[in-house]
Amino acid sequence: MEVKARAPGKIILAGEHAVVHGSTAVAASLDLYTYVSLRFPTPSDNDEFLRLQLKDLALEFSWPVARIKDALPEAGSLLSSKPTSCSIETMKSIAAQVEEQNIPEAKIGLASGVSAFLWLYSCIHGFKPATVVITSELPLGAGLGSSAAFCVALSAALLSFSDSVSLDMSQQGWTAFGESELELLNKWAFEGEKIIHGKPSGLDNTVSTYGNMIKFRSGNLTLIQSNMPLKMLITNTKVGRNTKALVAGVSERTIRHPDAMSLVFNAVDSISNELSTIIQSPAPDELSITEKEEKIAELMEMNQGLLQCMGVSHASIETVLRTTLKYKLASKLTGAGGGGCVLTLLPTLLSGTVVDKVIAELESCGFQCLIAAIGGKGAEVSFSGSS
Ligand SMILES: Nc1ncnc2c1ncn2[C@@H]1O[C@H](COP(=O)(O)OP(=O)(O)O)[C@@H](O)[C@H]1O
Ligand SMILES: C[C@@](O)(CCOP(=O)(O)O)CC(=O)O
Ligand SMILES: [Mg+2]
C-alpha cells in the first residue's frame, strides 16, 4: 500500500511579514502542488533504510534507521497525536545527519527542508524503514509557499499511515481529511515550517492545509467567501532568497525602531481587513466590480509601500512594479520578498492584448510569468496498491 499526498502553494494578497508580528493577513491557495508519496518496505525487501528522493532536483538521501535511532532517541517516544517542537539540541543532531549527505553547495538551502523531513518522519513513524518521494510544481524559495506545501504534504502522507488518523483507504482518488485531522495536520506542518523559517506566523501552512481564501491573525483563521472574480498575474523575478533571513531582518528592524514599525504593522492590519471586506461584500451592492478592483489595486500599492518600509523589497521587484505601472496596473510582492514573486491585479475589463503585452515586457526582462487559479483545494491524500 502506498499513500500519495498533495498540498498547494499560496499567494499572500496582503499582510506578509506583518502577520509574524500579530497583524491580519489575507492569503489564497494556488492550483500548484507539492506531492509526497510514502511506502514502507515489506519484510522480504530486507531494507533497513529511510530513503528520501527529491525527484525534480534529482537528489536522493538515505539513512540506516539504526543511525536515526541513535541520533534522535527521543523521537521514538513521541506521539503522532501530539505535535512536538524540535529542541535546539536535537536540531544539532539532525543537522549532523543532513551534513553527512553532502548536499551540493548550489542546493544547500535544501538542508533545512531535509532537516524538517527527518524531524517529522521520526516523530510520526519512529525508526521504521520507508521510501518517501517528493515532487513539486512550485518554484522553491520564490514566495509561493513551497516550504509550507512541503511540510503539509509530508505531514499528510505520514499521518495517513499513523494511529492518529483514520481514513477509508479503499476510497478512489483524492480524499480530504476531516476537521479534527486537518487541525492535527496543520500543527505538525507548523513544526516543520519552524525548522525551515525560524519564526513562521503559521499563515502559509494553514492556507496550504485548508485551501480556499483565508484571513489569518495570531494563529486563527477565518474562511473568506469571495464575491468577485480575482485574477492575478504572478511574476517570478527568479532572484533567489531565503524566508528565514528576511523574517529575521524585519524583526531586527523592529527592535531598532519599535514605535515606527508598530505603526507600519497596524497600517498593514487595516489594509488586510479592508481588503477582506471588499472581497466578501455581496455581489451587486453599491460598489461595481470595477470600483472594487480600483480599491484593491490601491490597497496593494499601499501594502507594497509598507513592505518597502520593512526593508523586504528588491531592485528586481521594483522593476516589475515600474513595468506594470506603465500599463496602469498595480502590483505588490508576495511572500517574503527580497526577490521571489510579485502579484499584479488583472482587472476583469482589461483586454487580453494588454495582458499579453505586459507579460511579453516582463519576460523580456528575464522574469517568468504565470496566471494560476486561486482559492482551490487544500491538502488531500490518495491510496494505491493492496494492503
Ligand atoms: N520540494 C521540496 N523538497 C525539499 N525541500 C523543499 C521543497 N520545497 C521547499 N523546500 C524547503 O523550503 C525552502 C524554501 O522555503 P522558503 O525560503 O520559505 O521559500 P518558499 O516557501 O516561498 O518557497 C527550500 O530551501 C527547502 O529547504
Ligand atoms: C514573510 C511571511 O509572512 C511569509 C513567507 O512566505 P514564503 O515562505 O516566502 O512563501 C512569513 C510568515 O508568515 O511566516
Ligand atoms: Mg516558505
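Atom set for the values below is all heavy atoms of this structure, side chains included, hydrogens, waters and symmetry mates excluded. Quick note: residue numbers are just sequence positions, from 1. Whatever order the structure lists them in is the order used to number ligands and atoms, beginning at 1.
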Exercise. Please could you name the atoms of ligand 2 that Gly143 approaches to less than 4.0 Å, counting only its heavy atoms?
Key: 9 (O), 10 (O)
Quiz item: Is Glu89 paired with Lys92 through a side-chain N to carboxylate O contact shorter than 4.0 Å?
Solution: yes
Quiz item: Considering distance alone, does some N or O of Leu57 sit under 3.5 Å from an N or O of ligand 1?
Solution: no
Self-check item: Face-on cation placement of Lys128 at Phe40 ring, 6.0 Å and 45° thresholds
Solution: yes
Quiz item: At the 4.0 Å heavy-atom cut-off, does Gly145 count as touching ligand 1?
Solution: yes
Exercise. Report, in ascending order of atom number, the atoms of ligand 1 lying under 4.0 Å from any heavy atom of Ala142.
Key: 22 (O), 23 (O)
Self-check item: N/O/S from Ser146 sitting under 2.8 Å away from the Mg ion (ligand 3)
Solution: no
Quiz item: Hey, does Val19 come in under 3.5 Å of ligand 2, counting only N/O atoms on both sides?
Solution: no
Quiz item: Once you round to the nearest 0.5 Å, how far does CD of Glu193 lie from OG of Ser147?
Solution: 3.5 Å
Quiz item: So is Lys199 polar-close to ligand 2, meaning N/O to N/O under 3.5 Å?
Solution: no
Quiz prompt | Any donor-acceptor N/O pair, Gln280 side chain to Thr277 backbone, under 3.5 Å | solution = no
Quiz item: Does ligand 2 have an atom under 4.0 Å from some heavy atom of Ile12?
Solution: yes
Quiz item: What atoms in ligand 2 come closer than 4.0 Å to a heavy atom of His197?
Solution: 8 (O), 14 (O)
Quiz item: Do Arg6 and Tyr33 meet the cation-pi criteria used here (NZ or CZ under 6.0 Å from the six-membered ring centre, within 45° of the axis)?
Solution: yes
Quiz item: Are any of the heavy atoms in Lys10 under 4.0 Å away from ligand 2?
Solution: yes
Quiz prompt | Sub-4.0 Å heavy-atom approach of Arg241 to ligand 1 | solution = yes
